[in-house]
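Worksheet for the structure shown next.
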Amino acid sequence: MSLPKKVEIVEVGPRDGLQNEANFIPTDEKIAFINAISKTGIKRVETTSFVHPEFVPQMRDAQEVFAGIHQDPSIQYIALIPNEKGYERALASNVQAFSLVVGASETFNLHNVRMGREESIRVLDRIIAKAKGNDSFIRYCIATSFWCPFEGKVDPAIVLEMVKRAEALGVDEIAICDTIGRANPKQVFDIFEKVMALNTQAVISAHFHDTYGLALANVMAALQAGVTRFDASVGGLGGCPFAPGAAGNVATEDVVFMLHEMGIETGIDVSALLSCVKQIQAFTKREFTGHIHKVKALQTT
């Protein structure tokens with residue numbers, strides 16, 4: 001089995017993890033959550049989203065959250081932006097790393113940002129040109145890269161073409177996302193093998209949800225295809241307001257535990273992650289889908 005010696009984790013819990021929570025989580029608790037994550041050894045955190053509060057009410061305090069967190073200079077704090085207005089708001093908050101999202105599925109993109117895929121890509125093209133002019137870091141996320149909740153299975157050729165177009169724009173990172181958690185390991189390996197064969201200058205990362213319980217298996221498949229950067233969310237928090245039925249992201253502590261058990265370095269403290277799970281769990285009403293925090297709880301009773 002061919003495995004890397006080191007893997008990087010991008011923690012997306014504060015944004016992708018919390019965006020689907022029905023009850024508003026107090027701003028100071030979000031700030032405390034991000035500050036705690038910053039002490040786990042994680043070096044990249046998706047903190048919030050500068051989206052219109054009408055569409056994602058949980059993120060209505062984006063400016064306050066970004067201004068309130070303690071920004072460790074060794075950590076990259078990322079904000080998701082859906083459009084040019086969101087970019088301007090984020091820029092005014094001194095955001096230096098941006099996450100952009102476009103769906104490989106036309107219908108999902110219409111639900112997510114109220115634009116067709118091509119129109120959305122053109123908007124992101126303009127944002128990228130502006131952001132690169134400011135020497136910002138650009139993370140380009142291709143949502144519904146495997147399956148769409150409205151259209152079914154997505155044509156891999158669409159994903160590959162989108163990767164090529166993003167690479168041509170000079171983005172720093174391209175994330176291939178299983179937004180509804182429907183992908184299987186063979187499908188994951190096949191797509192990532194093709195993507196990695198493009199030899200992009202942009203780093204390729206993988207984003208998995210655990211709707212069908214296949215997220216860890218899909219992490220393994222992507223590892224085998226050469227991917228060494230993965231998104232994850234503490235506790236398995238997550239879900240998309242515009243993707244019916246999507247469960248949470250793969251749990252950060254589960255991924256890190258699995259990697260460590262296989263001798264792969266992450267630089268992350270699992271015990272510190274479990275403290276983050278406990279911290280945010282008090283402010284959510286959902287059952288966390290991660291496994292390791294349950295096992296640790298059982299061991300201490």
Side-chain angles (χ1 to χ4, degrees), residues 7-23 25 29-30 32-47 58 78 175 177-185 188 205-223 227 229-241 243 245-301:
V7 159
E8 181 181 44
I9 301 297
V10 181
E11 174 57 50
V12 299
R15 198 283 302 177
D16 199 5
L18 298 183
Q19 69 175 359
N20 216 31
E21 291 296 317
N23 293 332
I25 298 171
E29 295 301 336
K30 291 174 184 166
F33 181 44
I34 296 167
N35 288 342
I37 288 169
S38 297
K39 297 176 182 178
T40 64
I42 285 171
K43 294 301 181 184
R44 302 181 68 216
V45 185
E46 192 178 61
T47 56
Q58 190 63 245
I78 307 164
C177 306
D178 180 22
T179 307
I180 66 170
R182 177 69 174 82
N184 65 71
V188 167
S205 60
H207 178 107
F208 297 117
H209 286 248
D210 203 28
T211 310
Y212 290 81
L214 294 173
L216 283 176
N218 288 335
V219 169
M220 280 298 302
L223 279 171
V227 178
R229 184 178 289 179
F230 295 88
D231 292 358
S233 173
V234 292
L237 275 170
C240 178
N249 295 266
V250 65
T252 310
E253 64 276 12
D254 289 3
V255 176
V256 173
F257 177 81
M258 181 182 77
L259 294 173
H260 288 182
E261 288 291 296
M262 295 190 297
I264 300 173
E265 298 176 14
T266 66
I268 299 170
D269 184 339
V270 175
S271 296
L273 285 175
L274 294 174
S275 295
C276 292
V277 173
K278 185 176 181 181
Q279 178 178 338
I280 198 63
Q281 196 166 25
F283 296 93
T284 63
K285 290 194 172 182
R286 68 176 62 203
E287 181 179 353
F288 282 20
T289 58
H291 299 282
I292 300 304
H293 79 276
K294 297 175 185 176
V295 173
K296 293 292 182 181
L298 289 171
Q299 289 177 349
T300 57
T301 58

Pairwise distance [atom1]([X]) to [atom2]([Y]) - rounded to 0.5 angstrom:
X	Y	atom1	atom2	answer
Glu253	Ile9	CD	CD1	11.0 Å
Asp269	Ser275	CG	OG	8.0 Å
Leu214	Asp178	CG	CG	9.0 Å
Thr211	Arg182	OG1	CZ	10.0 Å
Lys43	Thr266	NZ	OG1	11.5 Å
Glu11	Leu237	CD	CG	8.5 Å

So, the side chain of [X] versus the backbone of [Y]: is there a donor-acceptor pair under 3.5 Å, distance only?
X	Y	value
Thr47	Ile78	yes
Asp210	Thr289	no
Thr252	Ser233	yes
Gln281	Gly235	no
Gln58	Ile25	yes

Item checked: Side-chain donor-acceptor pair present, Thr284, Glu21, cut-off under 3.5 Å -> no
Mind checking whether [X] and [Y] have side chains closer than 4.5 Å, heavy atoms only?
X	Y	value
Phe230	Val250	no
Leu259	Leu223	yes
Val10	Ser205	no

Next item on the list: Tell me, please, which residues at least two apart from Asp254 pass salt bridge (charged side-chain N to carboxylate O under 4.0 Å, His left out).
Entry: none
Check: Which of these, Asn218, Asp231, Asp16, sits in a side-chain contact (heavy atoms from CB on, under 4.5 Å) with His209?
Finding: Asp16
